[in-house]
Every structure is written in structure tokens, then in C-alpha cells.
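Values reported hereafter were calculated over all heavy atoms of this structure, with side chains retained and with hydrogens, waters and symmetry mates removed. Protein chains get the first letters and strands the later ones, always in sequence-line order, with residue 1 at the start of each.
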Number of protein chains: 2
Amino acid sequence: MAELVYQQIITDLKEKIFAGKFPDMRLPDERTLAEKYNVSRSSIKRALSRMANDGIIFKKRGSGTFINPLYLKNESVFNYEQGSNLGVTDNFQMDGKKPSTKVLSFDVVLPSKELQRDLFLTPEDFVYKIIRLRSFDETPFMIETGYIPIKIMPQLTRENIENSIFNYLQEQYNQSVTKSFLSIFAEPSTKQDQELLQLGKNEPTGIMEGIFFLDNGTPFEFSHMRLHYKYLKFNTFVSI
Amino acid sequence: MAELVYQQIITDLKEKIFAGKFPDMRLPDERTLAEKYNVSRSSIKRALSRMANDGIIFKKRGSGTFINPLYLKNESVFNYEQGSNLGVTDNFQMDGKKPSTKVLSFDVVLPSKELQRDLFLTPEDFVYKIIRLRSFDETPFMIETGYIPIKIMPQLTRENIENSIFNYLQEQYNQSVTKSFLSIFAEPSTKQDQELLQLGKNEPTGIMEGIFFLDNGTPFEFSHMRLHYKYLKFNTFVSI
DNA sequence: TTCATTAATTGGTGCGTTCCAATAAAAAAA
DNA sequence: TTTTTTTATTGGAACGCACCAATTAATGAA
């Protein structure tokens, strides 16, 4: 595999952290680590930076590098945070329950002003409008409305969108979606929400909407996702 | 001020991006930038990495560095994302409306099992339990329940918590809170929510809860925040 | 003992170099 | 023309060095 050096170090440090090899909740200093691993301090710094970014450790100049106690006790949450949040159904694995998708509608329309802005379109650029209902084992949990410029995927068919669009994008165009700008909020459920998501009248709808980007920065899709409130729990590590 | 080199470059590039100096939505390559700014490629890389992390640009190896079109059209959202999300009232500036805080209760209690885990306490470590109602110009928008170990702030008084605890922490102990692990979700509003936040029966409560850390990684506070749903909009840039 | 000063520790910044891997453009072959 | 191969471009990884800045520990003065 020829693993990257800093990646190896991250993996090894994570293991050691979990094995309790640092009982004082503190990592050796960077220079010592460089010696121990027989790598340059730069590589250590890169590894530690990534880990700090993921919230696994805290670095404090002049003082040292410390382990986030939460990471020790709560690995699952961190794993969730790292690998997920994007694509939702594609990444969700709900206790082995089978995800399924039902296409509610599939049209080609002209973009609204807002959509033109978000996806960088001219008023004449047609977009697919795709509404899908997603379920786990017959339990619907999300209504997803997606808008994709047809110029990006001219050949999209109804069959394609019954599975993962991201997978189709990967296979057909060898491109992937790795970034998105999301807003998370909630609203009272509408009648349609209540019917499709099996919600009570005073139960809310969780909303996650935003723009998904291709690797080169091209806005690929605007997505508006209405979730059963019990299925929307967004975990994030915030630094300021 | 003796600004940092990479920080200067970030500032300058941002300006140029907004001034439309890169009409092809593409930055010069790293080596050229290094020449232009008369700095090393390493410094350019550092600057670009930060910007990519903030979602301002996209880097693609072999291809180049591209401007996030959303950043151009929507700076406000990005600024919100960068400087906020933490501390809420401390950073919120709601159209010049004055924020205020009302202390609903202030007790010292023993921590629950869950709290012991989250804040790394023994069953005998007492914690402050602080419930506050926060408003903008007489309009309440958040009920905040916070738990802080007394061993971290032995001298906390009711007066202190009527303003910002984070400010008090800064002034008294010269420590700051720059990281947090948060969960965002929603629930139907309780009777108490409806009363305090002036919510209708079928209007939901937005919930933001999690742990705030000191710079050295010490868990400082567990906070459970119940917001009027219209005030909870969490923007985030996600990479996988 | 207490407080101020000094020294050692530790992560941050910046420069420079070498090589690699993914992509895109150009050239060659079919 | 179309496809394949080669070449150039571009960001990524890794190494190493020198110095800076915040913190902590050790030392000395009051």
C-alpha cells in the first residue's frame, strides 16, 4: 500500500492513545516523537495538525500536546463525524437496516434566481429537479429535493437516480463530491412532511440544505433535505 | 503588528478574489505565487491550506487551485461560519439588538454519570448548575443549562454569570475557550419551552449541546441550549 | 516564604530542497 | 478523425534547518 508516513503515525498514535499508553493524557513533545518514529519533525507536525483538526488532541505552544478526553470515551461519535455528514444515505449505516430510495418526481426545469446564484447558472441553464423519499427498512426518514445542472450530467436517467447519484458521478465521470456547504435548522412539519415521514402534528422537521461541490470547486447540486427530527443529529467539532 | 507572512498572503488573496482579479476563478500555481510574493512555496502552501480549510478555495492536485464561487457571492455566510458558532450570545450581533441574560437558577450539585464522563469528574466533584434565559431586546431566544466543575472556577458568583462566563474566565484565569464538540438537533417544544421562548404548540425547539474545552484540552463546560427554532441556523463547511 | 528574574521546554513560523502522483496538454500512432 | 502515448504542469509528501513566542520550571533576590 505504501502508506503515507504521517498517516501511519496518526494510526499508530490513535492506537496508543486507546491502549492507554499516555496515562498523563499528554503526548511526548514533537522532537522526541520525531526521533522515536525516525521521521522529521515536519511529518510529526503534519500528523498532529490533522489530529488536532479532528479534535483528537489539543496543542498548546510552550506547554505541550494533550489528548482530548472525549475522544477516549466516545470514539463512535468521532468516527461518525469524520466519515459522514456528507451524502447521508450513502454513508449512513443504520444498525444494518437496508436503505432504499423512492423517486417521487423527476423533472427538468429552469432555475430560480436563488438557484442561479447558488449553482452559478444563467437563466437559460436547465436543471434536473429530483424529489426522492429515503427509507430504512420501510421506515421513511427523509424527503430530498435536489437540483443538478443538466450540463454537468447530460445523460441522467430515472434509473440512475434510484440509486446513489454520487456513485453514478464517480463511475461515469470519475469525479467525486468531497465538500459541501450546509445549513442545519428545523421547522414545524408541513402536512406533507407529516404524511410522508409519519410525523405527529407537533413534531418538527429537521432541515439540512446546501450546496455540494465537485473536487475542482464546481457547484454540483443544491439539495434541500427534510428529515424526521429523530434522524437529524449533526455532530461537529468547532474551533474558533 | 509584525503580521505573519501566511496571514498577510491570505488577506491579500481574499482582497484580490473579491476585487475580481481572478476572472477565470482560478489562482496562479503555487510556484508562481511564491515568486510573486517573494516568499517560499511552503508559506504559500500554508496560506492556501488554511483558505481551503475555510472553504474559500479548492485545491486539486495536477490541476490547480480554484475559487469557491459561493465565497464570492455570499461572504456574510462565510464570515458567520468563521467567527461564530461558539459562545453564541458572546458572538451574536443581531442587527444591533442588545443581548441580555437572566439567571433562572444557580446551584451546586453532584454530577450525573453522564456528566462525570463528559467532564472527566469523580462522583464527588461538585459542579455549578446554571440555568439562564437569553434575550435580544426583550425577545427571549434561548434557555441555556450549563454545568461547570467548581474546581475550575472556585470563586464563581451569581454576578459573574449574569454576563459572559467566557469573559470572566479570560479575565480571571487568562484562559480561553476556543474549541467545542457540539451536537445539533431538534425536538418538539416542551411546555416550558413554549412559555419561556414564546413558542406555539406545534413549533419546535432547536437544540445545541456539547462540551466546551479550555486551550489545553480540559473539558470546561457541558452546555445544553434550547433555542427558538428561528434562531438556530447552523452553517458549516464539510469536507470528507 | 514570596516574588521577580532567568533559563529551559515546547509548539509555531518560515525558508529551502527533493521527489512523487494526479491531471491536463501536446504529440504520435492508429 | 480517433485513440494512445508522451510530456509538461501542478499540488502533495517528506526532509531538514534556523529562529521565534508562549509557557513552565528553575533560580535568585527581597
Check: A:K59/A:S49 side-chain N/O donor and acceptor closer than 3.5 Å | yes
For D:dC15, does either OP1 or OP2 sit under 4.0 Å from a side-chain N or O belonging to A:S40?
-> yes
Grab the CD-P distance between A:E3 and C:dA21 for me, whole Å please.
-> 13 Å
5' precedence on DNA chain D between B:D215 and B:T65 (nearest-nucleotide basis) | B:T65
On a plain distance test, is the side chain of A:R41 in donor-acceptor contact with the base of C:dG12 below 3.5 Å?
-> yes
From C:dC15, D:dT24, D:dG11, nucleotide with atom closest to B:K59 side chain | D:dG11
Given C:dT13, is OP1 or OP2 found less than 4.0 Å from the side-chain N or O atoms of B:R46?
-> yes
Would you tell me if any nitrogen or oxygen in the side chain of B:Y6 comes within less than 4.0 Å of OP1 or OP2 on C:dT13?
-> yes
Distance in angstrom units between A:Q8 CD and D:dA13 P, rounded | 13 Å
Nucleotide C:dT9, atom P - distance to CG of A:L27 in whole Å = 19 Å
Atom CZ of B:F66 and atom C1' of C:dA22 are separated, to the nearest Å, by 12 Å
Could you tell me the separation between the CG atom of A:D29 and the C1' atom of D:dT23, rounded to a whole number of Å?
-> 14 Å
Cationic tip of A:R46 within the cone over A:Y6's six-membered ring, i.e. under 6.0 Å and within 45° of the normal?
-> yes
Rounded off to whole Å, could you give me the NZ-to-P distance for the B:K60 and D:dT10 pair?
-> 16 Å
Is the phosphate of C:dG12, meaning OP1 or OP2, less than 4.0 Å from a side-chain N or O of A:K45?
-> yes
A:Y147 and A:D118: side chain donor to acceptor below 3.5 Å | no
Looking at D:dT23, C:dT10, C:dA21, which one has an atom nearest to any side-chain atom of A:R26?
-> C:dT10
Look at the side-chain N and O atoms of A:R50 and state whether any lies under 4.0 Å from the OP1 or OP2 oxygen of D:dA13.
-> yes
5' precedence on DNA chain D between B:G64 and A:V39 (nearest-nucleotide basis) | B:G64
Distance, rounded to the nearest Å, where B:R31 contributes CZ and C:dT18 contributes C1' | 11 Å
Counting side-chain heavy atoms from CB outward, which of C:dG14, D:dT23, D:dA21 is closest to A:R61?
-> D:dA21
Verify, without hydrogens or angle tests, whether A:E144 (side chain) and A:R134 (backbone) share a donor-acceptor contact under 3.5 angstrom.
-> no
Mapping A:S42 and A:L48 onto DNA chain C by nearest heavy atom, which one lands closer to the 5' end?
-> A:L48
Assess whether atom CD of B:E162 is packed by more than 12 heavy atoms of other residues, nucleotides or ligands within 6.0 Å.
-> yes
Here the distance between atom P of C:dT10 and atom CD1 of A:I44, to the nearest Å, is 14 Å
